[in-house]
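Report on the following structure.
To find a chain, count down the sequence lines: A is the first, B the second, and so on, and within it residues start at 1.
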Amino acid sequence: MFLSCFLLSDSHKHKDKYKEHKHKDYKRDKEKSKHGNSDYKDPSDKKYKDKEKMKHKDGSTEKNKDKHKEKRKEDKVSQAGAIRHFCILGKMQLDIWFQQLCFLEKPGDEGVSECFSLLFIFTLLEWEEERYTDGVKWKFLEHKGPVFAPPYEPLPSRVKFYYDGKPMRLSPEAEEVATFFAKMLDHEYTTKDIFRKNFFKDWRKEMTAEEKATITDLKKCNFTEMSEYFKAQSEARKAMSKEEKQKIKEENERLLQKYGYCIMDNHKERIANFRIEPPGLFRGRGDHPKMGMLKRRIRPEDIIINCSKDSKCPEPPPGTKWKEVRHDNKVTWLVSWTENIQGSIKYIMLNPSSRIKGEKDWQKYETARRLKKCVDRIRAQYREDWKSKEMRVRQRAVALYFIDKLALRAGNEKEEGETADTVGCCSLRVEHINLYPENEGQEYVVEFDFLGKDSIRYYNKVPVEKRVFKNLQLFMENKEPDDDLFDRLNTSILNKHLQELMDGLTAKVFRTYNASITLQQQLKELTTADENIPAKILSYNRANRAVAILCNHQRAPPKTFEKSMQNLQAKIDAKKDQLSDAKRELKSAKADAKVRKDEKTKKAVENKRKAVQRIEEQLMKLEVQATDREENKQIALGTSKLNYLDPRISVAWCKKWGIPVEKIYNKTQREKFAWAIDMADEDYEF
DNA sequence: TGCGGTACTTAGAACGAGGTAT
DNA sequence: ATACCTCGTTCTAAGTACCGCA
């Protein structure tokens with residue numbers, strides 16, 4: 001365990017302190033286990049205890065000593081599992097040592113085992129030292145650079161653009177931008193005023209002087225022929241022969257093989273997004289002031305390459321140059337460029353299955369688990385702070401309560417007019433909440449109604465504690481609707497405070513923590529031993545859904561939802577008919593058997609019985625599917641599954657109930673969570 | 001203390017491959 | 001064979017967090 005906190009710490013400011021603890025802890029640990037009465041205390045707990053002035057006990061009593069000892073061993077091995085997963089450092093001996101360590105980790109082998117553990121630990125420390133001091137992310141990085149968007153192909157001359165009813169030939173530059181608009185013609189974006197205004201303004205910039213003089217009104221532009229042409233093209237693509245499709249597939253595969261991987265520290269790693277974003281019209285989410293603006297084509301001259309000095313640097317396309325080549329091993333990106341809409345930087349980075357992303361992910365959940373250990377104290381603290389004399393402390397405490405209870409996002413401030421008007425906790429405005437001293441039989445109800453990330457609406461009515469309610473009234477006094485609710489607070493202040501409560505604690509850790517703990521608790525509650533696998537998976541999905549609801553992960557109901565629901569219902573009805581038929585047949589077979597009493601009829605009865613059983617099972621499966629789908633209409637499960645739920649909880653659940661992990665995670669997800677699949681056994685506790 | 005800049009995670013929608021029903 | 005549907009994959013926008021500077 002203490003290994004992990006050392007390995008996981010990338011705050012090197014505290015390096016020496018960590019070292020000190022580490023040695024102390026190790027000694028203590030070792031001595032105790034030698035005498036066989038180790039009273040296990042998680043060193044990571046201890047480490048933060050000093051800092052936090054924690055007063056609570058860790059709950060270990062004489063009785064569960066042994067259990068703790070067991071737990072410690074398991075933890076050690078499972079942590080080692082993940083460490084091993086990430087340490088495939090060349091042909092390092094680590095793996096061998098690991099095997100030996102596991103093999104020896106049996107009663108009676110203590111001494112040898114400790115010896116190997118020690119060796120193991122020193123190697124890891126060395127590895128850590130070498131690799132991660134001062135935020136170094138890698139030592140060697142080689143890649144082939146990005147794949148650029150294909151150049152623009154002018155339209156065939158028969159496809160015409162009309163202005164004011166008259167055909168008009170456009171310059172290639174103006175034509176390209178026009179095709180972007182034409183391709184979106186069916187989308188409601190193109191009816192929005194802001195979109196049209198932004199598009200037209202940027203389009204005109206690409207026009208020649210004559211075009212500019214002629215084309216002065218977007219309403220007079222007719223893009224339908226272009227639009228039809230692209231629709232035909234996409235139809236043609238769909239109708240291509242198998243061979244042609246195969247050829248395209250092969251070409252894609254070739255590109256993937258060549259550009260889709262990099263070498264980072266002796267490992268070939270998959271790159272997430274090696275293709276540069278093609279030009280087009282910017283589509284923001286929600287009411288975005290910049291929707292419709294032209295997203296420029298990215299050229300090699302815009303590109304910054306990052307790789308190691310001793311690697312083979314990627315070549316720019318013939319006749320071009322990179323903007324810059326740098327060798328910064330304190331960052332993880334391979335390629336970057338500045339985007340022209342917001343002026344923000346875009347990156348090419350590694351796939352979630354890569355070591356660098358996986359370790360970070362693991363670390364994220366370990367931080368959330370540390371929060372679990374001190375969340376009671378933090379909750380007690382913010383409740384105390386509701387009474388503070390200082391306004392800023394009260395605001396901080398109420399905001400933190402919302403973040404904890406409702407899993408709200410932090411809410412950084414945003415530049416006005418640059419993005420859609422969305423908020424998170426710290427940026428809530430008075431207009432986003434309503435207070436009801438009494439509502440539907442409940443006291444002190446707060447009604448939230450605001451647009452959050454991606455302009456997804458957050459609507460919730462929650463009863464809160466009287467103190468919170470009174471505080472909110474106070475915060476809202478003498479304010480306009482568009483004033484900040486928490487005028488003495490921002491994310492930076494909040495996070496600074498959280499940092500003092502626990503090392504590595506930020507607002508978003510609460511989301512991770514609450515999501516994961518909810519999954520674990522829901523799984524415990526919903527899973528029953530005697531259910532079959534589909535029913536268990538329904539339970540899993542329900543637990544997942546509880547988290548998605550907590551985190552407000554919504555989706556637009558699929559366009560074909562009603563219809564596909566009807567189809568499913570039809571299937572269920574058909575299955576029901578089939579079942580009653582089968583039952584009838586069984587009955588008559590039974591009657592038959594009563595009379596004839598020969599082997600053949602007996603067998604027939606048995607067969608019919610089996611058929612009924614099979615159909616019943618199928619029916620049940622369909623019904624479960626229908627329930628699942630209905631409940632999922634507007635809820636997106638993917639985001640929480642991918643970003644908030646400690647995968648080890650799911651892996652442990654699968655192992656405990658004998659569910660193949662493939663039923664829960666698809667191939668990509670299994671790749672992303674390989675570390676967890678390696679690491680967690682059925683007893684894993686978040 | 002605020003601000004701009006940077007790096008990285010989280011997000012829903014669009015797209016498209018491939019399986020199933022007809 | 002074709003239409004349709006589902007699910008996985010890709011895309012890229014929109015967040016969080018933190019740093020260095022004035």
message = Heavy atoms from C-beta onward define the side chain here; which of C:dT12, C:dA14, C:dC5 lies closest to that of A:His288?
response = C:dA14

inquiry  = Whether A:Lys414 contacts C:dG15 is assessed here as follows: a side-chain N or O lying under 4.0 Å from the phosphate OP1 or OP2. Is that the case?
reply    = yes

key: Which residue lies more 5' along DNA chain C, comparing A:Gln669 with A:Arg285 via nearest heavy atoms   = A:Gln669

ask   = So does A:Glu671 pair up with A:Arg270, basic N to acidic O under 4.0 Å?
value = no

ask   = Is the shortest side-chain N/O distance from A:Asn412 to OP1 or OP2 of C:dG15 below 4.0 Å?
value = no

inquiry  = Considering every strand and a 4.0 Å limit on heavy-atom distances, what is the contact class for A:Ser344: base, sugar-phosphate, or nothing?
reply    = nothing

query = Which nucleotide in the list C:dA14, C:dC5, C:dA13 gets nearest to the side chain of A:Lys346?
reply = C:dA13

query = Does the ring of A:Phe282 carry A:Lys290 above it, NZ/CZ under 6.0 angstrom from centre and within 45° of its axis?
reply = no

First and last nucleotide of DNA chain B, 5' to 3', lying under 4.0 Å from heavy atoms of chain A = B:dT6 to B:dG18

message = Can you see whether A:Phe230 has A:Lys183 sitting over its ring - NZ or CZ less than 6.0 Å from the centre and within 45° of the normal?
response = yes

request  = Mark yes when over 12 heavy atoms from residues, nucleotides or ligands other than A:Gln233 sit less than 6.0 Å from its CD; otherwise mark no.
outcome  = yes

inquiry  = Judged by each residue's nearest nucleotide on DNA chain B, which is more toward the 5′ side, A:Ile493 or A:Asp361?
reply    = A:Ile493

key: Qualifying residue for salt bridge (charged side-chain N to carboxylate O under 4.0 Å, His left out) with A:Arg429, from A:Asp449, A:Asp483, A:Asp487, A:Asp421   = A:Asp421

Inter-axis angle, terminal five-pair segments of the helix from B:dT1-C:dA22 to B:dT22-C:dA1 [nearest 10°] = 10°

remark   = Residues in residues 331-339 of chain A with a heavy atom under 4.0 Å of DNA chain B, by number, are A:Val331, A:Thr332, A:Trp333

query = Are the charged groups of A:Arg648 and A:Asp646 less than 4.0 angstrom apart, N to O?
reply = yes

